[in-house]
A.B. asks: 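Below are the C-alpha cells for one structure; questions will follow.
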Amino acid sequence: MQKEIIFLNPIFKETIWGGDKLKRFGYDIPSDKTGECWGISAHKNGDCTVRGGSFDGMHLSELWDTHRELFGNCEGDRFPLLIKIIDARDDLSIQVHPDDRYASRNENGSLGKTECWYILDCPEDAAIIIGHNAANKKEVNDMIMNKRWREFVREIPVHKGDFFQIEPGCVHAIKGGTMLLETQQSSDITYRVYDYDRLSDGKPRELHIEKSIDVITAPFEENSYDVTISFGLNYTSEKLIECPYYSVEKFKINGRAQIAQQYRFMNISVIDGQGTIDNTPIKKGDNFILPGGYGIAEFDGSMQLITSYIK
Ligand code: ZN
C-alpha cells in the first residue's frame, strides 16, 4: 500500500509590511496586511496542522515526535525546515540572521537561520538588498552607527524566477511588491538592522544593532551557484541549491510525470497551476510532505512545484 501524503493547513502572519496578494494562492487570508504564509512548519510560533487523512488535525511537531518513520527516521529534536510564502507590499526591514553557534549561545538554544528565496513575483525594475558595501567589520560598525544606509546596503536588480541563498551573516531585505517562497532552517531569529524609521502601533520596531554588528560577515562575498537542470518525461527539474541544511528543486510539469521521492521526506509547494498527485487533486497554494519510503509519485497536469529535502 502506498504511503499517505501529508497535506498541511497553512498559518498566516499579519505584518506591518504585508499585503493581500496571498489571495492569489487561493488562501483565505486574515487581512490585507498578511505578510507571510507558513506553508510547512513545525516551529512553535506557527505549527501547521495536518489536513485530512489518518493524522487529520495533528500538529506537524507532534507528527515529528511520534511518527519519525514518516520522516525517514531522521534524528533531531525538531522538524528542521520551514517553508513560507512572503508577500511584501512595503519594504521589509534590513536584517541579518545568526548561525547555529551564535543562536544556540545567545537565543536559548534556537537554530541559526540559513534561508533561500525563489522569487515568485516582483515589479519590473525591482531591486533587492543582498549584502553590504563595507570593506571590513570596522566599516560595518561605522556605517551602521552613523546611519549611512544608502552607502551601506548593496542593492541589486531582481526578476521573477531569480533565486538567492542567504547565509547567516548576510545583510538582506525584500522591497515592496516582491513575493517569494522561502525555504529556511526552522528558526525565527532575525536581527533588524534598520527599519526605515517606520512606526508600528505608534512606536518604532525594536532594532538589534549590537547583535547585527556581531554577526554580519565583512566584507560581503557574493556566492555563486550552479543550477543543474535535468529533463524527464513531461517535466524539467532545476536544482536551485544544495547546502548542509537543505536542497531545493523547482519542477515544471506538463502532462503525466513520475517523480521519485527517494529522500527521508520531501516538502512540496505548488506555486502555479493544478493537477493531481497519485489521483489526489492539487493546486497552486497547496503544501504537503511526501513521507520517507513514498517512492514514485505520479503527477498529472500543468504545474510548477518547489520541493525541498535534507540529506
Ligand atoms: Zn531573512
Side-chain angles (χ1 to χ4, degrees), residues 11-19 22 34-41 43 45-46 80-103 106-107 110-120 122 126-132 140 144 149 152-156 158 162-196 198 200 205-209 211-218 220-223 225 240-241 243-246 248 269 306 308:
I11 291 167
F12 299 101
K13 301 277 179 182
E14 296 175 80
T15 59
I16 54 167
W17 46 263
L22 284 164
T34 306
E36 301 189 354
C37 163
W38 292 21
I40 302 178
S41 167
H43 194 278
N45 298 348
L81 299 178
L82 204 171
I83 316 300
K84 290 179 186 174
I85 299 175
I86 294 179
D87 169 23
R89 186 178 54 197
D90 301 323
D91 296 349
L92 260 75
S93 59
I94 296 170
Q95 50 184 258
V96 63
H97 305 298
D99 61 12
D100 286 341
R101 224 170 73 144
Y102 191 92
N106 299 286
E107 305 293 347
S110 170
L111 295 179
K113 190 168 167 189
T114 299
E115 66 189 33
C116 63
W117 294 343
Y118 177 80
I119 307 298
L120 296 165
C122 63
I128 199 159
I129 292 167
I130 308 273
H132 62 76
V140 168
I144 291 175
W149 305 115
F152 179 62
V153 298
R154 176 176 171 273
E155 209 171 283
I156 55 171
V158 62
D162 284 352
F163 178 80
F164 300 95
Q165 168 83 340
I166 316 281
E167 304 285 351
C170 174
V171 173
H172 59 282
I174 315 165
K175 302 215 142 206
T178 307
M179 285 194 90
L180 58 82
L181 183 137
E182 178 172 277
T183 304
Q184 56 160 99
Q185 286 182 272
S186 186
S187 164
D188 208 14
I189 308 289
T190 292
Y191 299 147
R192 251 179 244 125
V193 189
Y194 179 53
D195 197 30
Y196 302 95
R198 288 179 293 193
S200 170
R205 290 203 293 175
E206 190 193 359
L207 297 178
H208 315 92
I209 300 292
K211 285 178 172 176
S212 297
I213 293 173
D214 267 357
V215 304
I216 290 172
T217 310
F220 166 72
E221 274 177 49
E222 191 169 5
N223 38 31
Y225 304 95
L240 301 170
I241 187 81
C243 79
Y245 299 105
Y246 46 72
V248 177
S269 301
I306 299 286
S308 55

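Numbering starts at 1 and runs along the sequence shown. Atoms within a ligand are numbered from 1 in the order they appear, just like the ligands themselves.
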A.B. asks: Could you state the interatomic distance from CZ (Arg198) to OG (Ser93), rounded to the nearest 0.5 Å?
C.D. replies: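 Output value for this atom pair is 6.5 Å.
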
A.B. asks: Closer than 2.8 Å to the Zn ion (ligand 1), what protein N/O/S atoms do you find?
C.D. replies: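 Protein N, O or S atoms closer than 2.8 Å to the Zn ion (ligand 1): His97 NE2, Glu115 OE1, Glu115 OE2, His172 NE2.
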
A.B. asks: Can you name the salt bridge (charged side-chain N to carboxylate O under 4.0 Å, His left out) partners of Lys84, sequence neighbours left out?
C.D. replies: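 Applying salt bridge (charged side-chain N to carboxylate O under 4.0 Å, His left out) to Lys84 gives Glu36, Glu182.
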
A.B. asks: Supply the atom-to-atom distance Tyr246 OH to Gln185 CD, rounded to the nearest 0.5 angstrom.
C.D. replies: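 These two atoms lie 7.5 Å from each other.
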
A.B. asks: Are Lys211 and Glu107 close enough for a salt bridge, meaning some N to O gap below 4.0 Å?
C.D. replies: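 Counted as a salt bridge, because a side-chain N and a carboxylate O are separated by less than 4.0 Å.
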
A.B. asks: Which residue in the set Ile213, Val193, Ile166 passes side chain to side chain contact (heavy atoms under 4.5 Å, CB included) when paired with Val96?
C.D. replies: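 Going through the options one by one, the only one that passes is Val193.
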
A.B. asks: Would you indicate whether the side-chain heavy atoms of Ile119 and Phe164 approach each other to under 4.5 Å?
C.D. replies: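 They are in contact (side-chain heavy atoms under 4.5 Å apart), so the answer is yes.
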
